[in-house]
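Worksheet: one structure, shown below.
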Number of protein chains: 2
Amino acid sequence: MTDTADDTDLPASRPERFHQARAAQAMAVLEDYAEMIGDLIEEMGEARITDIAGRMGVAHPTATKAVARLKREGLAVSRPYRGVFLTEEGAALAERVRARHRTVVDLLIAVGVPPETAEMDAEGLEHHVSDVTLRAFERYLAAAAKT
Amino acid sequence: MTDTADDTDLPASRPERFHQARAAQAMAVLEDYAEMIGDLIEEMGEARITDIAGRMGVAHPTATKAVARLKREGLAVSRPYRGVFLTEEGAALAERVRARHRTVVDLLIAVGVPPETAEMDAEGLEHHVSDVTLRAFERYLAAAAKT
DNA sequence: ACAAAAATGTAGCCTCGGCTTTAATTCTGT
DNA sequence: ACAGAATTAAAGCCGAGGCTACATTTTTGT
Ligand SMILES: [Mn+2]
Ligand SMILES: [Mn+2]
Ligand SMILES: [Mn+2]
Ligand SMILES: [Mn+2]
């Protein structure tokens, strides 16, 4: 045995933190596709595989597989050669993800990150921002606005 | 064609932002293992597969494969049944990652995230913090300290 | 010294998210 | 109407990062 029990771990053990980060990562693709499909439906009335793939920067078979996973998870529906639509649950996820994305970008800008960089980094960061952290960001932004 | 050219994209196109996030993610595991191996060597003089696996919260063959990748990328060395060691490049990476992790935690705390949550979220967030953003965080923390 | 325990390695399986290639279907313009 | 273009689907490849089960080697205790 090597370890002396475990460091500073009264609350979440170190392995637990890695587990959490991996779980968040597993949701990341689903979240981005849901948000993107929501965007497309709003902007152009429908979400086509080609457009999804184009905006995600992937080949269209990759988008097709992602949509298949969304469907499997009950977040989207589609029929062959028709567009993709979000279920209620999928739409709710998309909305949450969109709001969180905005908050993350705003927080980054508020602490001095250049807007362009903020937008860039937020695309990856957003998926690892917990609810607790998100609420802290919102409070910070509200307080900063009052100044 | 569907899209009306592209939204707000003078600088980094939307697909480009997703590419960037995916690239960052591809480094994440390497970064965490490098940092962990550095920690273990410092704390106990050597990094054993069992300890690496234990702290990462994975089965030991998973750690073995990660170390194999580190070796393949020139970041670590090891011989069968001996511990794992970082190359110069690996140690430099570990150091950078450790510093960035601290800065991210500090920034989160500074904007009002509970320390426990900050530590939790930072484990995933850190890998998506670009150099530009990291420097902005440092400036913010320095300014906040002066208050 | 040597048997049992612990650590490490190896093989083989899975899912996910990329990709290319090829087939099927739908849309479009004349 | 229908040929060609565009879109979508399907199949099959890859690497990464998980896992379990089993083999090998090293360490340890008597
Ligand atoms: Mn994203
Ligand atoms: Mn986003
Ligand atoms: Mn991490
Ligand atoms: Mn870390």
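Throughout, protein chains are lettered first and strands after them, A, B, ... in sequence-line order, and every chain is numbered starting at 1. Both backbone and side-chain heavy atoms feed into the values below; hydrogens, waters and symmetry mates do not.
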| Under 4.5 Å between any side-chain heavy atoms of R98(B) and E95(B), yes or no? | yes

| note | Residues passing the side-chain hydrogen bond (donor to acceptor under 3.5 Å, both in side chains) test with K65(A), sequence neighbours excluded, are none

N/O contacts under 3.5 Å, protein versus nucleotides 24-26 of chain C?
from	atom 1	to	atom 2	distance (Å)
dA24(C)	N3	Y81(A)	OH	3.1
dT25(C)	O4'	Y81(A)	OH	3.1

| Looking at side-chain heavy atoms only, is the closest gap between D121(B) and H128(A) below 4.5 Å? | no

| task | Please tell me if the side chains of R135(A) and D131(A) come closer than 4.5 Å, counting only heavy atoms from C-beta onward. | result | yes

| request: Would you indicate whether the side-chain heavy atoms of L70(B) and L30(B) approach each other to under 4.5 Å? | output: yes

| message | Measure CD/E31(A) against C1'/dC16(C) and give the value in whole Å, please. | response | 16 Å

| query | OP1, OP2 of dA7(C) versus side-chain N and O of T50(B): anything below 4.0 Å? | reply | no

| task | Could you list by number each residue of residues 120-128 of chain B showing a heavy-atom separation from DNA chain C of less than 4.0 Å, or answer none if no residue does? | result | none

| said: Rounded to whole Å, how long is the line connecting atom CZ of R55(B) with atom P of dA7(C)? | reply: 14 Å

| query | Between atom CE in M56(B) and atom C1' in dG17(D), what is the gap in whole Å? | reply | 11 Å

| query | Which of these nucleotides, dG18(D), dT8(D), dG18(C), is closest to any side-chain atom of I49(A)? | reply | dT8(D)

| message | Rounding to an integer number of Å, can you tell me how far M44(B) CE sits from dA7(C) C1'? | response | 14 Å

| message | Tell me every residue that passes side-chain hydrogen bond (donor to acceptor under 3.5 Å, both in side chains) with E119(B), counting only those two or more places apart in sequence or in another chain. | response | H101(B)

| message | Test question: given the 4.5 Å side-chain rule for I, L, V, M, F, W and Y, name all other residues clustered with Y81(A), or answer none. | response | none

| query | To the nearest 10 degrees, how far apart in direction are the end axes of the helix from dA1(C)-dT30(D) to dT30(C)-dA1(D), each fit to five base pairs? | reply | 10°

| task | Taking side chain to side chain contact (heavy atoms under 4.5 Å, CB included) as the test, write out the residues that go with M36(B), two or more places apart. | result | R14(A), F18(A), L40(B), R55(B), M56(B)

| Rounded distance in Å - CD (E46(B)) to P (dT8(C)) | 8 Å

| Co-members of the apolar cluster containing V105(B) [side chain, <4.5 Å] | I109(B)

| field | Distance, rounded to the nearest Å, where I52(B) contributes CD1 and dG18(D) contributes P | value | 13 Å

| task | Taking side chain to side chain contact (heavy atoms under 4.5 Å, CB included) as the test, write out the residues that go with A53(A), two or more places apart. | result | V58(A), H60(A), A63(A)

| When clusters are formed by joining ILVMFWY residues with side-chain heavy atoms under 4.5 Å apart, either directly or through shared neighbours, do M27(A) and L125(A) land in the same one? | no

| field | Gap between atoms NE2 and P, on H19(A) and dC19(D) respectively (whole Å) | value | 6 Å

| field | Protein-to-nucleotide contact annotation, 5' to 3' order, nucleotides 10-16 of chain D [B base; S sugar-phosphate only; - none; under 4.0 Å, heavy atom] | value | BB----S

| field | Residues which pass side-chain hydrogen bond (donor to acceptor under 3.5 Å, both in side chains) with H127(A), listed by chain and number, not counting sequence neighbours | value | E31(A), D32(A)

| How close or far is atom C1' of dC16(C) from atom CD of Q25(A), stated in whole angstroms? | 11 Å

| query | For E73(A), which residues count as a salt bridge (Lys or Arg N to Asp or Glu O under 4.0 Å) partner, sequence neighbours excluded? | reply | R69(A)

| task | Tell me, yes or no, whether the heavy-atom count around E42(A) atom CD, taken from other residues, nucleotides or ligands under 6.0 Å, exceeds 12. | result | no

| Which is true for F18(A) with a 4.0 Å heavy-atom rule: it touches a base, it touches only sugar-phosphate, or it touches nothing? | nothing

